There are 2 protein chains.
Amino acid sequence: MTPKYKKIIDSFIKDYDNNNILPGDTLPSENELMKEWNCSRDTVRKAMTVLAERKYIQKSQGQKSTVLNRKEYEFPVSRITSFQELVKKRNLNASTEVVKFEIVNKSHYIYNLFNVPKSEKILEIIRIREIDNEKIILDKDFFLEKYIGNLNKEIAGGSIYEYLENELGLKIDFAKKTITVEKPTKEDLKYLDLKKDTLIANIESFTYLEDNILFQITYSRHRSDKFKFFDFAQR
Amino acid sequence: MTPKYKKIIDSFIKDYDNNNILPGDTLPSENELMKEWNCSRDTVRKAMTVLAERKYIQKSQGQKSTVLNRKEYEFPVSRITSFQELVKKRNLNASTEVVKFEIVNKSHYIYNLFNVPKSEKILEIIRIREIDNEKIILDKDFFLEKYIGNLNKEIAGGSIYEYLENELGLKIDFAKKTITVEKPTKEDLKYLDLKKDTLIANIESFTYLEDNILFQITYSRHRSDKFKFFDFAQR
DNA sequence: TCACATTTGTTCGTATGTATC
DNA sequence: CGATACATACGAACAAATGTG
């Protein structure tokens with residue numbers, strides 16, 4: 001049973017996405033929403049607070065809330081968006097090739113990062129992302145195997161996140177990312193279409209489940225001339 | 001008069017910063033906190049919710065909340081941190097030189113970005129950031145003049161944000177950032193200590209006040225070999 | 001395995017404060 | 001100044017998750 005305030009949020013977002021609610025509109029007052037949803041003010045406020053945090057609406061004491069143009073604030077990377085979601089949203093001509101899919105056997109290093117004993121199994125996946133017929137991104141993923149069920153090579157060629165969230169019901173919470181600019185490694189040179197003098201923009205991500213469990217480490221290595229990263233920062 | 005729930009938050013953060021509350025500790029239950037603060041459960045919960053959002057604590061139904069190690073989540077850039085705050089926090093050997101401080105007179109371009117008429121005045125500031133005796137960052141700022149009071153060259157050499165927030169009471173809300181990797185411009189070559197083959201990592205920021213007013217545009221151009229950007233992303 | 005106490009999550013009702021028009 | 005709208009605060013009840021005996 002989804003709580004009532006979440007239903008209000010979902011209903012708003014659905015209307016927003018279908019352009020039934022437009023940027024610039026003023027929302028009904030909290031009192032009116034109480035009647036509309038047959039609920040208490042507390043419930044309405046909880047929903048509106050979340051919508052304000054997500055920049056769907058703007059609140060201001062003494063005035064009705066107004067609807068914002070969220071397209072201006074919608075950012076792919078800092079919202080943990082999978083490559084597949086990005087491709088779909090941007091309508092990109094893209095494809096994925098899985099070049100490695102196996103249990104890690106040596107690397108001390110990666111065990112230290114996960115901070116798990118050697119008895120844990122860690123899966124390594126390397127994928128090449130091709131956009132407009134150029135191999136531009138090299139994604140190296142490491143997963144703790146116990147969380148990823150029957151993830152296989154076919155799924156990895158599509159959307160891993162779609163599988164983890166919808167099939168396994170995994171709840172991905174947040175990620176810590178670090179961006180640096182580096183010289184290409186041998187692996188980069190082997191798999192990517194690199195021009196002379198191009199560097200690699202590397203996004204290192206540590207992704208956590210809702211109980212603060214680190215379950216994925218990713219290195220997303222982009223050809224620097226094609227690299228663009230969007231961020232949304234709050235003071 | 002600061003509301004009671006904010007006092008609870010501030011008190012917690014103070015204790016946390018002073019190591020009176022340590023990561024791994026369990027918090028008192030909401031019932032106990034009610035007695036401790038002589039307030040209602042609603043008030044306690046509002047405070048705890050904010051602390052959970054900011055990753056100070058972890059909540060979980062049926063269990064007491066636990067205190068997190070926030071150092072792991074503390075990120076400079078994606079929180080809109082000024083260079084001065086960063087220098088202080090990281091204890092860097094750094095200095096700033098203001099090389100330009102004047103009203104923009106030509107640039108059509110920047111007026112379009114701000115989306116204001118030519119009658120508005122826009123201030124341009126260029127600053128060089130030197131770290132460990134190397135000129136590594138070039139910051140170009142554009143401000144809408146009407147918001148920045150008597151900001152002068154001396155203040156610009158120190159902390160502009162400190163002045164805007166504490167002296168003028170400006171409420172900075174959020175920023176949209178884009179990171180790209182580019183070849184150095186003439187300006188970069190002129191002002192920065194660049195090695196051969198180094199590229200520039202450019203952070204373009206649009207900073208907004210609490211009423212969604214765009215008041216600052218910044219280009220922070222970093223020598224790519226010294227560039228590091230931290231981000232925190234939520235799903 | 002089950003029942004129970006504890007703890008957080010959701011919802012309602014009500015009252016008062018503060019900002020805007 | 002009064003009406004309206006959002007912000008804060010209190011009290012109460014029940015639901016859902018967790019740990020324990």
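Protein chains get the first letters and strands the later ones, always in sequence-line order, with residue 1 at the start of each. What you are looking at is a predicted structure, and each value in this text was computed from that prediction instead of being measured.
Atom CG in L170(B) sits 11.0 Å away from atom OG1 in T207(B) (nearest 0.5 Å).
Formation of a donor-acceptor pair under 3.5 Å by the R221(A) side chain with backbone atoms of I137(A) is not found in this model.
Residues forming a salt bridge (charged side-chain N to carboxylate O under 4.0 Å, His left out) with E32(A) (at least two apart in sequence, or on another chain): K64(A). Residues meeting the salt bridge (charged side-chain N to carboxylate O under 4.0 Å, His left out) test with K146(B), sequence neighbours left out: E120(B).
First and last contacting nucleotides of DNA chain D toward chain A (any atom under 4.0 angstrom from a heavy atom, 5' to 3' order): dA5(D) to dT8(D).
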Which pairs would a plain distance check flag for residues 2-11 of chain B, meaning a side-chain donor or acceptor within less than 3.5 Å of a matching protein atom at least two apart in sequence or in another chain?
none

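Electrostatic pairing of E30(A) and R45(A) counts as a salt bridge here, judged by a charged N lying under 4.0 Å from a carboxylate O.
Contacts classified as ring-ring contact (aromatic ring centres under 6.0 Å, His included) and involving residues 18-65 of chain B (residues at least two apart or in different chains) are given here: F12(B)-Y56(B), Y16(B)-Y56(B).
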*Determine, for nucleotides 9-21 of chain C in 5'-to-3' order, which nucleotides have protein heavy atoms under 4.0 Å from the base (write B), from only the sugar-phosphate (write S), or from neither (write -).*
BBBB--B-BBBSS

